[in-house]
Structures are given as structure tokens and as C-alpha cells.
J.: 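Got a structure here, written out as C-alpha cells. Questions coming.
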Amino acid sequence: MFCNIVFPIPLQQKFVYFLPEQIIKQFSNNEIRSLVGSRAIVDFGPKKDVIGVIVDVKEKVEFDKNIKPVKTIFDTKPLFSFEQLEFAKKIANKYFVSLGMVLNQFFPYEEKVKFTQSIIVSQNVKRVKLDVNVKYLEFIKDKKLLVFDTINEKFLFYTNIIFDIINKEKQLIILFPSNVYLIDFWKFLLKNINGESVLLVKSKVMLYTGELPVKERFRVWQLLRNKQINVVLATKVGAFLPFENVTNVVIDEADSLGYKNQEVPMYHACDIVQERVKTYNIVLNYSFFIPSAEFFYKNRKSVKFIKSCDNLAKIKVVKGELKKIILENIYKFKQTVVIFPYKGYARFCVCCICKHKIPIKKMVSEGFLCPKCGSKYYELRGTGIQKFVQKLYDINKNLTIEYIDSTLNTKKIEKIINDFNNEKIDVLVATPLLFNYIYRISFANVKSVYFVCLDSLLYSGSYLCYENVYRFITLCKVLLNSYNIADGEICLEIFHQKEYNDVLLSEIKVFFKKELKIRKELCFPPFCEVIKITLVSKNKNKLEDIIDIAKEKIRSVYLIEDIISEDKMFKVEIFIKMDKNFEYQMVQIKELILSKFDVRFDKVYVEYNPVL
DNA sequence: AGCACGCCGACT
DNA sequence: GTCGGCGTGCTC
């Protein structure tokens, strides 16, 4: 008997090994096919004792060189199910990556941690019935996409669903876009249960993130598959968990970038779940404060708006009223939140010799040299958040002002938020990064949220600019609603008012209707799909060859960025707008690229619906 | 990728 | 003389 094995390396090949008598005997009670999906230890090339995954078993093979034996089977029961294996193959094909690498994303099997399959200790936890408010169970009955208007309501929804699942011995996975959100909810959950239930909930609900030690991840993986736990709270890696007993999946803020893998393969966890769920009978729900227009459109027939708070916050368009508002709030001992679009101190640097202007973000960290004239002298121009805060002190020297942007480390940001929550800060100035901490900020004493110079966000040229601004506004509403601020106000500072800007003040449904109409006319997502292929190579000619062939042969290619060089490497980006022959075209492109590419020097990144 | 082998230049 | 750079080939 022989088997094919894949390894967590970029080689897109299977390797044949033979199964010695001893191993066949060991597994003969079961069917020998049950080895598929198990890990095996083999010698591979010059390396000894490498872990790979068995992907198929067969009687005969055509291979004329010496075939090495499988040394040990690492698992008593396959780590990967048939469905997981088949799905991994699809992903490997879609993202031009090796199957072994994809499986390693499913579960980091290559780490030489000795897993024992029988570590499960049956906990003797007293079963108690958890109280469930049926109102929350109604939400998922017929609707798929849920939109909440307060933080509390969303968390209560999760809590009640979890309790119901535990009571009924079903299985649920909730995905969160970041570790931080997951922990925030976990704390909320533990705070809202009493004595007896705590033990039960702690034994039936587990966390699963990429940051956990592999041993702990394996434990959760096993417990879920063996039906010993009911709920897993996970980040994007949760999309690969064993789904065979799962009955429900809920994805929190599904269009968040937190679900996108930054490494190869650049999968989006929601796409993975959406596809895998089809194999089983799993109810999938999305929960949002504000979905993207794209997500809303794709689920438009099944949306439920959950109104738990009368919308009391006023929204108005203003021009240069920040000083006045801050002063008014100070006299009332109220706090002000200011959203400012630019991070850092300045926005550009200008060359002193030739006056060439370069955005700060494009500057190389040390040793500035003007790309036009080579001068090393420059001045800073434009107002970043730091400079803006300095100017705010002109209003009143005794104000306590702090700012938050991505130049600060997380510890500092946490401290500022803490001080703000304890009302030690009068004015909090922040870039939209602030919304990453949405569950941590207390708006209990906030009167106004002021968006400075929205023009810069509204007229930036991206097709998403109105949507982004609208979403920020809605998140502010959620925060004000969550702390029940009756007289809260949201101020939008717009200097060049355009007629279309009225959409920002409209209801969610109206906003989506108007936005989608424009998207359809101009053919932007969700009315088309964009694929970005990034090629990196040491050899510029190779890239030029591929571009020439791609331009000539592949119809759907609509944009090829110029070749740029970075650190002796050359990079080119190819954009494809998806059409009906999508699959066929991708096969064509894959063959073209992989036939010319060498895994040692060249890299391919395939991204679906990239952030433009 | 990760490793071995092999071919050249710069060194005690 | 040899130590070590990296270009090339291979992995069942």
C-alpha cells in the first residue's frame, strides 16, 4: 500500500511513500482509507522525521525511483476530516498555494508538539438550566443579517444564544474580528452570570485564537469535534475548525479587515465559513452595527434591524464651530470627542531645494533624500493630529487634551481611554482608529462628537469614501445610544458642501439604496469583483514577459501597475475584473505564472476583493 | 522553503 | 593552503 503526503512547504506537489506491513496491520480493523487526513512522520530529502499529512491512499503507483517508507502515524484518528481536506484543496487552487501550506492554516500541524488524542478529562460540572430571553432567539429564526444599535443589545444577543445552545446541547461558533473584541465580550459574558452557572459556562465555552499555544488550540479542536463543548469564541482561524457537529455560526462585523489573512494564502475568513457551511446543515448569522453596502446588498433579502433605543442623537453639518462647542461643553462639565483625519505631526514634507512635495507616509524612515533632486533638506507642512492638538490649547490653556493615533503603542492608547472613561480628559482627539476600541470607550459623559474637515475623507476619490464616513457616523450613534445620551450631538464639519452630502444624514436603508444605485451605474463592487495578483521577483525580465503574455491572452485583465523595485526585488500588480469565465481564466493565469516562477526567489500573492 | 553540493575569491 | 559566500539542483 502507498500514500501521498503533503508538507508545509511551498512546493505544489504530493510525495509518494509506502505504508509498511506493521502500520497496515495496526489500522486494519478500521478501513485503511481512514489514514487519510492523519499526520505521518517520514524522512523527506535530507531531513529526518518530518511531519506531513496523508492526502490519499492507493494500491499502485507509478514512480520509478526509490520510495521511502512511512515511519510513524502521528494520529490515532485523522486530524483533518474529508470535508476539510477537500475544502483545503479548493483554497490551494484558488490562491495558488500548496495544499500543505493551506492545511497548516487550518491547523498548525507541523509543530512538533506531541498531541495525545485522549487528553479529554470529562469534567464533572453540575448541569444547570441557563436563563434565556426568547426575544433574542427570534432574531435568528428567519433573518440572516442582524443590525444592532447598541453595544449592550448585541452582547446580550450573543449571551442568550450561547445559553440556549448550552441548554440544548447544540454547537455554536462565534467569530470576532480581533482578539481584543473577543476578550471584551468574554469579560462581559463572565460578568453577567451568577455563581452556579459560571462553572458550567466556563466548561462549555472555549476561546480559540491564533495566539494560543498549539497544544491549547488542539485541545479545543478535539473537544469541539468530540461534542464535549458547546461554544467556541474564535478569531479568523476559527473558520477552519471541525464543523461536523456545529449547528450555528455567528460572525461579528463580518466585513472587518480583521478577517483577512495578511499572509499567504490571503483568505477572508467569512468566505471560508460561507462555503464550508454549505456542506453541513448550519445556520449562519451576521451581526453588525453597520454593514458595508456590499454586505447589505448580498444579504438584502434577509436583514433585520434591531431597534433598542430611540435615536436621539442630533446630527448637523457645521463649519468651524469646534472652539465654541468645546467651550460650551467645558462649562457643562461634559466631554468632547474630536475625530481628526490625519495621524502624526505633519502630512507632507516639502524639499527645500526643488519644492517637491512628498506625503509623510511615503517617506523612508531614516535618511530622507528628495526623489526629484536628491537634496536631504526638507520642511514639514500640513496639519497632523499632534499639531492640531497643540493649536487646540489656544482655546484654553487649562484644558486636558489627549490624542490617539496609530503612532502610539497600544498600552499608551489603553491608558488614554482609561483616563477618558474616568473623566480625566476634557477633549479626546482621535483618528478613526478610535473605533477599534469601540467596546472600551465610555461615552457616558460625552456631549458632542465633532468630525473635523470631513472634506478630506469625502473627496478622497475612493468609491468607498461616503460609505466610510457614513459608517463612522453610525458607530458614533451606536456609542451615544449605548450610554443612553439623550442630548448627544454629532457634528460634521464640511467646508465645501455638495448636494449628495445629504445622504450622510439619511436613514440606513435610504443611504444604501442611493449608494448602491451609483455603484451599479459605475460598476463597482458589489456589482463586479476584483482580483489582485501581486508578483515579486528578482528578475525584471521575467515579470515583463508575464505582463506581455497576460495583456495579450487574458481578456479580463484591466489594469497592470508599473513594475516597481524594492530592495533589489521587482514587484508588479495585476488587477482582474471577474467575468463569467472566471475559473477558466484563473487556471490560465496560474499556469502562466507558475510555469515561469521559481519558488526560491519568486512569490505570488492572490487577493480577492482587495482594499483599494 | 530548506538543505547539500560545488565552484570561486579573500584570508589566517 | 581553507573558510565561506551564494548559484544550482533536488525533495517520493
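Owing to the predicted nature of the structure, the values given are computational and were not obtained by experimental measurement. Numbers restart at 1 for each chain; the letters A, B, ... are given by sequence-line order, proteins then strands.
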J.: Do any side-chain atoms of residues 370-377 of chain A form donor-acceptor pairs under 3.5 angstrom with protein atoms, and if so which ones, sequence neighbours left out?
T.:
{"from": "A:S375", "atom 1": "OG", "to": "A:Y377", "atom 2": "N", "distance (Å)": "3.0"}
{"from": "A:S375", "atom 1": "OG", "to": "A:Y377", "atom 2": "O", "distance (Å)": "3.4"}

J.: How long is the line joining CZ of A:F44 and P of B:dG2, in whole Å?
T.: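 The answer, rounded to whole Å, is 12 Å.
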J.: Tell me: NZ of A:K538 to P of C:dT8, nearest whole Å?
T.: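 From A:K538 NZ to C:dT8 P: 10 Å.
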J.: With sugar-phosphate meaning primed atoms plus P, OP1 and OP2, does A:D43 contact a base, only sugar-phosphate, or nothing at under 4.0 Å between heavy atoms?
T.: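 Sugar-phosphate contact only.
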J.: Could you name each residue pair satisfying salt bridge (Lys or Arg N to Asp or Glu O under 4.0 Å) that touches residues 250-265 of chain A, not counting sequence neighbours?
T.: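 Counting only pairs at least two positions apart or across chains, the salt bridge (Lys or Arg N to Asp or Glu O under 4.0 Å) contacts touching residues 250-265 of chain A are A:K154-A:D252, A:K154-A:E253, A:D255-A:R471, A:K260-A:E607.
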J.: Please report, rounded to the nearest Å, how far the P atom of C:dC12 is from the NZ atom of A:K71.
T.: 12 Å
J.: Please tell me whether A:Y95 and A:Y608 form a close aromatic pair, meaning their ring centres lie under 6.0 Å apart.
T.: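 A:Y95 vs A:Y608: aromatic centres under 6.0 Å.
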J.: Tell me if the aromatic rings of A:F240 and A:F107 count as close, with their centers under 6.0 Å from one another.
T.: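 No.
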J.: Could you state the atom-to-atom distance from NZ of A:K14 to C1' of C:dC10 in whole Å?
T.: 20 Å
J.: Roughly, in whole Å, what's the span from NZ in A:K48 to C1' in C:dC12?
T.: 14 Å
J.: Using a cut-off of under 3.5 Å, enumerate the N/O to N/O pairs linking the protein to nucleotides 4-6 of chain C.
T.:
none

J.: Would you please classify the geometry between the A:H268 ring and the A:Y259 ring as parallel, tilted or perpendicular, with 30° and 60° separating the classes?
T.: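 Answer is tilted, since the angle falls between 30° and 60°.
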J.: Could you check how far OH of A:Y17 sits from C1' of C:dC12, rounded to whole Å?
T.: 6 Å
J.: How close or far is atom P of B:dG2 from atom CD of A:E110, stated in whole angstroms?
T.: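 So the two atoms are 10 Å apart, to the nearest Å.
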J.: If you look only at distance, which donor and acceptor atoms sit under 3.5 Å apart when one is on a side chain in residues 1-20 of chain A and the other is two or more places apart or in another chain?
T.:
{"from": "A:N4", "atom 1": "ND2", "to": "A:D56", "atom 2": "OD1", "distance (Å)": "2.8"}
{"from": "A:Q12", "atom 1": "NE2", "to": "A:F96", "atom 2": "O", "distance (Å)": "3.0"}
{"from": "A:Y17", "atom 1": "OH", "to": "A:D43", "atom 2": "O", "distance (Å)": "2.8"}

J.: For C:dC10 and A:K65 - does any side-chain N or O of the residue sit under 4.0 Å from the phosphate oxygens OP1/OP2?
T.: no
J.: Taking salt bridge (Lys or Arg N to Asp or Glu O under 4.0 Å) as the cut-off, I'd like each qualifying pair that reaches into residues 87-106 of chain A, sequence neighbours left out, listed once.
T.: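 Checked against salt bridge (Lys or Arg N to Asp or Glu O under 4.0 Å) - neighbours excluded - the pairs reaching residues 87-106 of chain A are A:E86-A:K89.
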J.: Would you call A:R600 and A:D598 a salt bridge, taking side-chain N to carboxylate O under 4.0 Å as the test?
T.: yes
J.: Considering every strand and a 4.0 Å limit on heavy-atom distances, what is the contact class for A:L11: base, sugar-phosphate, or nothing?
T.: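 Here A:L11 touches the bases of the nucleic acid.
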J.: For the side chain of A:F601, starting at C-beta, report the closest nucleotide among C:dT11, C:dC12, C:dT8.
T.: C:dT8
J.: Output yes when at least one side-chain N/O atom of A:K68 is less than 4.0 Å from OP1 or OP2 of C:dC12, else no.
T.: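 Result: yes.
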J.: Take nucleotides 3-8 of chain B nucleotide by nucleotide from the 5' end and write B, S or -, depending on whether a protein heavy atom sits under 4.0 Å from the base, only from the sugar-phosphate, or from neither.
T.: SS----
J.: In whole angstrom, give the distance that lies between atom CZ of A:F7 and atom C1' of C:dC10.
T.: 14 Å
J.: Can the ring centroids of A:Y158 and A:F176 be said to lie less than 6.0 angstrom from one another?
T.: yes
J.: Looking for any heavy atom pair under 4.0 Å, which part of the strands does A:N66 touch: base, sugar-phosphate only, or nothing?
T.: sugar-phosphate
